[in-house]
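Everything numeric here is computed off the predicted structure, so don't read it as measured data. Chain letters run A, B, ... following the sequence lines, proteins first, then strands; residues in each count from 1. Values below: all heavy atoms of this structure, side chains included; hydrogens, waters and symmetry mates excluded.
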Amino acid sequence: MSTPIIKPQTLRGFRDFLPAMMIPRLQIIEAAREVYSQYGFSPIDTPALEYTEILLGKGGNETDKQLYRFEDQGGRDVSMRFDLTIPFARFAAQNIGVLGTPFKRYHIAPVWRGERPARGRFREFVQCDFDTIGTDSLAADIETILVVHDLLDKIGIGEFTIRINHRQLLNGLLEQLGLLEHSKELLRALDKLPKIGKEAVVKEMVDTTGVESGKAEQVLKLAALQGEPEAILEEARSLISSSELGQQAWSALQEITQACSNIGIASNRLSLDLSIARGLDYYTGLIFETFLTDLPDMGSISSGGRYDDLAGLYTKQKLSGVGGSLGLDRLLAALDEMKRLDEVATTSQILVLRFVENRLADYQKISRVLHQAGIASEVYPEAKALSKQLKYADRKKIPLALISGEDELAQNVWQLKNLRTGNQLTVPADQLAETVKAELNQL
RNA sequence: GUGCCCAUAGCUCAGCUGGUUAGAGCGUCGGAUUGUGAUUCCGAAGGUCGCGGGUUCGAGCCCCGUUGGGCACCCCA
C-alpha cells in the first residue's frame with residue numbers, strides 16, 4: 001500500500017502562474033514601474049495583513065468588503081487587505097511626518113477579496129496603484145491621467161479610452177434638482193447606464209429613492225450626453241448653473257480635458273462620460289475608468305480619482321490626493337483573450353548544447369562569457385542527442401543555439417545557429433558575444 | 001451571498017434511450033537518424049470518467065452532496 005496522495009489543487013479564485021503567464025506578467029509590472037518612476041512616484045510596500053478595524057474603517061461591513069478575516073495566534077482580529085488605498089491611508093497617517101508633502105508613491109502588490117470569481121475576476125489579484133497626496137492642484141489630476149495613458153500605451157494593449165467624470169458635477173446637478181440626499185443610490189444606478197440602459201436606470205432610481213421619474217430622467221439627461229468634451233461641457237453648463245460645487249467641478253473638468261488635449265493625448269483616448277460614478281465612496285472630485293476598445297465587457301482595467309480626505313479615519317491631518325490603479329490580472333486576462341501574449345516559456349536567449357560530455361567546463365565557461373556581456377544563456381545539462389537538445393530549445397522558444405564539438409573546441413570557434421531561420425555561422429570565441437548580440441537584434 | 005450552466009488522457013473534445021476490456025486529434029516519451037530542432041514514418045506510455053454517497057442486475061451517462069470552472073445579479077481591478 002502506497003501512501004494516498006493529496007489531491008493537488010488551488011483554492012477557488014487563486015491561481016498558479018506558469019512561466020508563459022508569469023513572464024508577460026513581470027513585463028507589465030516592469031512597464032508600470034518604469035512609467036511610475038518616470039513621473040516621480042516612489043515605491044513603497046505595506047503588510048498583507050492589517051488590523052481589521054483599519055480596513056473596515058467606519059463605513060462598510062465585513063461582507064461588504066468581502067474580507068478574508070481571522071484571529072491571529074495572539075488573538076488579534078486581523079484581515080487581508082482588499083485594496084491598496086486603505087492601507088496607504090493608514091501608511092500616510094503614520095508616516096507623512098517624515099515623508100513630507102506632496103508625496104507620490106506607487107505600490108504594486110497582491111490584494112484579496114472573497115468574492116465570487118468570474119472572467120477577469122479573482123480572489124487574489126495584483127493591483128498597481130499610484131497616488132499623489134498632499135496637494136489640491138489640478139496638475140496632479142492631469143498627471144494621473146497622463147500616467148494611465150502612458151502606461152497603457154507602453155503595454156501595447158490596443159486601443160483604449162479613459163473615461164472621466166467629476167463627482168461634484170453630478171452632485172451639483174443633484175443639488176439643483178433637490179436630490180442631493182439620494183445621491184448614493186442615484187449614482188449607483190447611474191453607474192449601470194451602459195449595461196442596463198436608460199429606462200432600467202430610471203426605474204431603479206425611482207424604485208430605490210422614490211423620486212419622481214421626471215427628475216430621474218433629468219439626471220439621465222446629463223449623463224447620457226455624448227460627443228466631444230467641449231460640447232458636453234457646454235451642454236452641461238446650464239444643468240448645474242445654480243450649484244457652486246457643480247460649477248467648480250465644471251471648471252476642473254474643462255481644465256483637465258483641455259490640458260490633456262494640449263499635451264497631445266489623442267482625442268479618442270480620453271472622453272468625458274458623465275455616467276461614470278464609481279462605487280467607492282471616498283472619491284470626491286475627478287473620477288475615471290478605462291476600457292479596452294476591443295473588450296469593453298472585461299470591465300475597467302484602470303480606474304481612480306481624487307479624494308479630499310484620504311486618511312481622515314486615522315489622523316487629524318487632512319490629506320487630499322489623487323491616484324489610480326491598474327488591474328494587472330484583469331489586464332492579463334484581457335491580453336490572454338486577445339491572443340496578445342507572447343508564447344515565451346523562458347527568458348533564455350541562447351542555449352549552449354552539451355555536445356561532448358566531458359567538455360562541460362568549456363560550455364559553462366562560454367555561457368558565463370555571454371552572461372558578462374548581458375546575454376541570457378543556459379547550458380543543456382545532459383549530453384543527449386543533439387536533436388533532443390535542440391528540441392528543448394524549440395519548446396522553450398529559445399532563439400539561438402551554440403553548437404560545438406571536439407573540432408570546434410580545438411580551433412576555439414563556435415557554431416552559432418539561429419533557430420528561427422536555420423542559419424548557422426562559425427564564430428571565433430573572442431567575437432562570439434558581439435555576434436550573438438547582433439543576431440538577437442535582428443530577431 | 002442568490003440563481004443558472006459545466007467537469008471524460010497533459011491539452012481540445014467524442015462517447016447513441018444506463019449494457020461487456022472508455023475513444024480520437026494534438027502533446028509527451030522511445031526509435032527511424034551515435035555532428036544539428038519545429039516536416040515525415042514506426043512504436044509506447046498515459047484515465048478508479050473531479051471527489052463522496054445513492055438508485056440499478058449493471059452508472060461516464062440518472063439522483064443528492066461536495067470541490068473546481070463559467071454566466072447573470074451584487075460588487076469591483
Expressed as a whole number of Å, how far does the [atom1] atom of [N] sit from that of [M]?
| N | M | atom1 | answer |
| --- | --- | --- | --- |
| B:rG47 | B:rU40 | P | 27 Å |
| B:rG15 | B:rC49 | C1' | 10 Å |
| B:rU67 | B:rU55 | C1' | 23 Å |
| B:rA32 | B:rA22 | P | 33 Å |
| B:rC6 | B:rA77 | C1' | 26 Å |
| B:rG58 | B:rC41 | C1' | 43 Å |
| B:rC76 | B:rU8 | C1' | 35 Å |
| B:rG10 | B:rU48 | P | 9 Å |

To the nearest Å, how far apart are [X] [atom1] and [N] [atom2]?
| X | N | atom1 | atom2 | result |
| --- | --- | --- | --- | --- |
| A:Ile350 | B:rG37 | CD1 | P | 18 Å |
| A:Glu115 | B:rC75 | CD | P | 11 Å |
| A:Leu390 | B:rU39 | CG | P | 14 Å |
| A:Ile86 | B:rA77 | CD1 | C1' | 15 Å |
| A:Tyr68 | B:rG1 | OH | P | 10 Å |
| A:Tyr363 | B:rG35 | OH | C1' | 10 Å |
| A:Trp112 | B:rC76 | CH2 | C1' | 17 Å |

Requiring both pairing distances under 3.5 angstrom, list the stems that contain RNA chain B and are made of three or more consecutive Watson-Crick or G-U pairs.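 So far as stems of 3 or more pairs are concerned, RNA chain B shows B:1-7 with B:67-73, B:10-13 with B:23-26, B:28-32 with B:40-44, B:50-54 with B:62-66.
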Measure from the side-chain heavy atoms of [X] and tell me the nearest of [options].
| X | options | value |
| --- | --- | --- |
| A:Arg116 | B:rC29, B:rG1, B:rU36 | B:rG1 |
| A:Gln66 | B:rG37, B:rC75, B:rG1 | B:rC75 |
| A:Arg12 | B:rU36, B:rA38, B:rG69 | B:rG69 |
| A:Arg395 | B:rC75, B:rU28, B:rG37 | B:rU28 |
| A:Arg113 | B:rU36, B:rA77, B:rC71 | B:rA77 |
| A:Asp394 | B:rC75, B:rG35, B:rG37 | B:rG37 |
| A:Gln415 | B:rC29, B:rA77, B:rG35 | B:rG35 |
| A:Asp407 | B:rG35, B:rU36, B:rG70 | B:rG35 |
| A:Ser387 | B:rG37, B:rG70, B:rA77 | B:rG37 |

For a quick check under 3.5 Å, do A:Tyr392 and A:Glu382 share a side-chain donor-acceptor pair by atom type?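 Note: A:Tyr392 and A:Glu382 side chains miss the donor-acceptor criterion.
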Between A:Tyr283 and A:Asn165, is any side-chain donor less than 3.5 angstrom from a side-chain acceptor? no
Determine, answering yes or no, if A:Phe125 is stacked on B:rA77 under the 5.5 Å centre rule and the 30° plane rule.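 So yes, this residue stacks on that base, both cut-offs being met.
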Hey, is the main chain of A:Gly405 close enough, under 3.5 Å, to the side chain of A:Glu408 for a donor-acceptor pair? yes
Has A:Ser303 got a side-chain N or O lying under 4.0 Å from the OP1 or OP2 atom of B:rA77? yes
Please tell me if A:Lys388 has a side-chain N or O lying less than 4.0 Å from either OP1 or OP2 of B:rG30. yes
Hey, is the side chain of A:Gln389 pairing donor to acceptor with the base of B:rG35 inside 3.5 Å?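 Check fails, no donor-acceptor contact within cut-off.
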Using the closest heavy atom to pick a nucleotide of RNA chain B for each, name whichever of A:Ser404 or A:Thr10 lands nearer the 5' end.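 In this pair, the answer is A:Ser404.
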Return the 5'-most residue of the pair A:Ile403, A:Arg15 with respect to RNA chain B, ranking by each residue's nearest nucleotide. A:Ile403
Would you call A:Asp329 and A:Arg121 a salt bridge, taking side-chain N to carboxylate O under 4.0 Å as the test? no
Is the shortest distance from a Lys or Arg side-chain nitrogen in A:Asp129 or A:Arg105 to a carboxylate oxygen in the other one below 4.0 Å? yes
Has [X] got more than 12 heavy atoms of other residues, nucleotides or ligands less than 6.0 Å from its [atom1]?
| X | atom1 | answer |
| --- | --- | --- |
| A:Arg33 | CZ | no |
| A:Arg420 | CZ | yes |
| A:Tyr51 | OH | no |

State whether A:Phe291 and A:Arg163 meet the cation-pi test: NZ (Lys) or CZ (Arg) under 6.0 Å from the six-membered ring centroid, and within 45° of the perpendicular axis. yes
